[in-house]
Protein chains: 2
Amino acid sequence: MGKPVAIQGIKGSFHYQVAKEYFNSNQSVLECMSFDSTVDSLINGTSDYSIIALENSIAGFIIPNYALIDSNDLEISGEYYLDIQHHLMALPDQSIKDIIEVQSHPMALLQCKTFLKRFPHIKLVEAKDTAAIAKDIRDQNLKGIAAIASQRAAELFNLEILGYSIQSIKHNETRFAIVKRKGNIGNARTMDKASLKFVLGHKRGSLATMLNVMSDCKLNLTKIQSIPIIDVPWKYAFFVDVTFDNTEDYLKAKSILMIMAEQFKVLGEYKNARL
Amino acid sequence: MGKPVAIQGIKGSFHYQVAKEYFNSNQSVLECMSFDSTVDSLINGTSDYSIIALENSIAGFIIPNYALIDSNDLEISGEYYLDIQHHLMALPDQSIKDIIEVQSHPMALLQCKTFLKRFPHIKLVEAKDTAAIAKDIRDQNLKGIAAIASQRAAELFNLEILGYSIQSIKHNETRFAIVKRKGNIGNARTMDKASLKFVLGHKRGSLATMLNVMSDCKLNLTKIQSIPIIDVPWKYAFFVDVTFDNTEDYLKAKSILMIMAEQFKVLGEYKNARL
């Protein structure tokens, strides 16, 4: 693969880590400042793949990112799970007493607030990107300022870790999708998982009927989320993930569900990354 | 009701608006700087009710707020829907050309980015609270700075609206819960909606079986969200909202579901705010 993989954030971000681990450590990346611009790079062909966070075990589904995949007619070609560990890092040869300010993404600050409460002398400052702060600290030689970011960011920008895994909930697994243009040269058909979106009218039991079909066809539901459709009261879209042992079972279920739902769309068929 | 209602944010915030509209316009409020501290005020008895945003039509469920209600054993005693309209406001007698900086909550800036792109000379600055900026502009007489906030904030702080409803998606409905301590003196039993949480093992068809019971007992599902349980692979919690015409039907379903699920909890039984 000659083209870079588009990631949200800069080198050292969690999306960067996923690109390196899912593809390989030599994979080049295109640093993007928003999820929107990773999608732009797919559409204009600058990249063939983009890494997009879909959900995490603390905050749940990241709905705007599902909408991005859905509305731009992209396709999920794979998934990757990363256990997000937040470390406190600063320029070498400082102790936590020397730190007067911690900068990070609001979500990272929130997840580490119990740890940070023990150091009331430290000012907390919200910033855009976890890795970008680490880079700034190195580039601008900022003493007294710490970042909360990944181990990889500490390595890349040569910072010293003052606190390991400082987030309150020790396992914060985030699920990332590897996204491509629809119909692009795809992976081998080793699929055993699919992400589906369908729309149902507000008829009692309509969702139960759909789930019965999935169950009869031996699909396992691993995720379900309803979303009211804006401007259409009482009509819901459902985002559902299923796993299966047998492709035939899945294809059979798909052909039935397609007829039953008002709208039915496959967002991706890919390899389940979790055993 | 003598006690103030705890709201996240200050007077002029969207939570403030909900307190005024759900209770009455004379209702006093307790301004809290986080959802956590609204919950603290319930627990220590400073307030009997708190207003907590649960979901919006753009971003979906606000999972941490569900977790807050669930883990502190609080109860949803009512709901309220508010169509969030973002207005651009500043001190009087300025035009948009005089504005050099717009401050607001990151979510508000995101929702208004298409509008703001038309004014590339304006710097965008993230801030904590939409109404707090409006207050700062008035208190500190900040010329050249605009806030994105509610109509009520403009009225309260006597600012002039330079752009009405500048968000990209015109209807951004947010659902708020009115939350109280469990067992607190409740509303009359005019309930026709319930918020449930239950846990299911990863057995194929287990969710379908639950939904079949709901459907058989004439419950209408208005919301469903699965959440993986941290540290317990393949076990899921489901947050489900149902409406019903007949309380007997609901009580029957509840007694069956309680036996079927591994864990079953009623987060609230209340009056449906939507026709």
Side-chain angles (χ1 to χ4, degrees), chain A residues 34 36 55-64 66-67 105-107 110 113 126-128 169-173 175 200 202-231 233-234 236 238-241 243-244 274-275, chain B residues 34 36 55-64 66-67 105-107 110 113 126-128 169-173 175 200 202-231 233-234 236 238-241 243-244 274-275:
Chain A
S34 65
D36 285 62
E55 63 196 274
N56 72 59
S57 47
I58 295 172
F61 270 91
I62 305 165
I63 302 293
Y66 267 84
H105 189 273
M107 190 55 90
L110 188 71
K113 77 178 170 187
E126 297 191 359
K128 285 247 155 173
I169 296 177
K170 287 307 162 197
H171 294 287
N172 176 19
E173 205 171 48
R175 176 173 171 238
L200 298 175
H202 191 66
K203 223 176 77 187
R204 202 175 57 228
S206 55
L207 178 61
T209 314
M210 295 287 280
L211 295 194
N212 288 336
V213 170
M214 294 182 202
S215 169
D216 290 348
C217 291
K218 305 197 184 77
L219 307 188
N220 291 302
L221 193 82
T222 64
K223 183 76 41 179
I224 182 166
Q225 157 91 49
S226 65
I227 301 182
I229 298 176
I230 297 165
D231 291 332
W234 297 117
Y236 296 87
F238 295 88
F239 287 104
V240 167
D241 286 348
T243 61
F244 42 88
R274 183 174 267 168
L275 295 184
Chain B
S34 66
D36 284 62
E55 64 196 274
N56 72 58
S57 46
I58 295 173
F61 269 91
I62 304 166
I63 303 293
Y66 267 84
H105 188 274
M107 191 56 88
L110 188 71
K113 76 178 170 187
E126 296 190 0
K128 284 245 154 174
I169 297 178
K170 287 306 163 198
H171 293 287
N172 175 20
E173 205 170 48
R175 176 173 171 239
L200 298 176
H202 192 66
K203 222 175 78 188
R204 201 174 58 227
S206 56
L207 178 61
T209 314
M210 295 287 280
L211 295 194
N212 287 336
V213 171
M214 295 183 201
S215 168
D216 290 347
C217 292
K218 304 198 185 79
L219 308 188
N220 291 302
L221 193 81
T222 63
K223 183 77 43 180
I224 182 165
Q225 157 91 51
S226 66
I227 301 183
I229 297 176
I230 296 166
D231 292 332
W234 296 117
Y236 295 87
F238 295 88
F239 286 104
V240 167
D241 287 349
T243 60
F244 42 88
R274 183 173 268 168
L275 295 184

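Every chain is numbered from 1 and lettered A, B, ... according to where its sequence line falls, protein lines coming before strand lines. The basis for the numbers below is simple: all heavy atoms, side chains too, and nothing from hydrogens, waters or symmetry mates.
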| field | pair B:Lys223-B:Glu55: side-chain heavy atoms closer than 4.5 Å | value | yes
| field | Within-4.5 Å side-chain heavy-atom neighbours: A:Val240 and A:Met210 | value | no
| request: Side chain from CB out, backbone as N, CA, C, O: work out which of these in A:Phe238 comes under 4.5 Å of a heavy atom of chain B, or both, or neither. | output: side chain
| Per-residue contact mode, B:Leu110 against chain A (heavy atom under 4.5 angstrom) | neither
| said: Given heavy-atom pairs under 4.5 angstrom as the criterion, report whether the side chain, backbone, both or neither of A:Asp36 touches chain B. | reply: side chain
| field | Set of side-chain hydrogen bond (donor to acceptor under 3.5 Å, both in side chains) partners for B:Asn212, sequence neighbours left out | value | A:Asn212
| Is there a side-chain contact between B:Leu207 and B:Ile224, using heavy atoms and a 4.5 Å cut-off? | yes
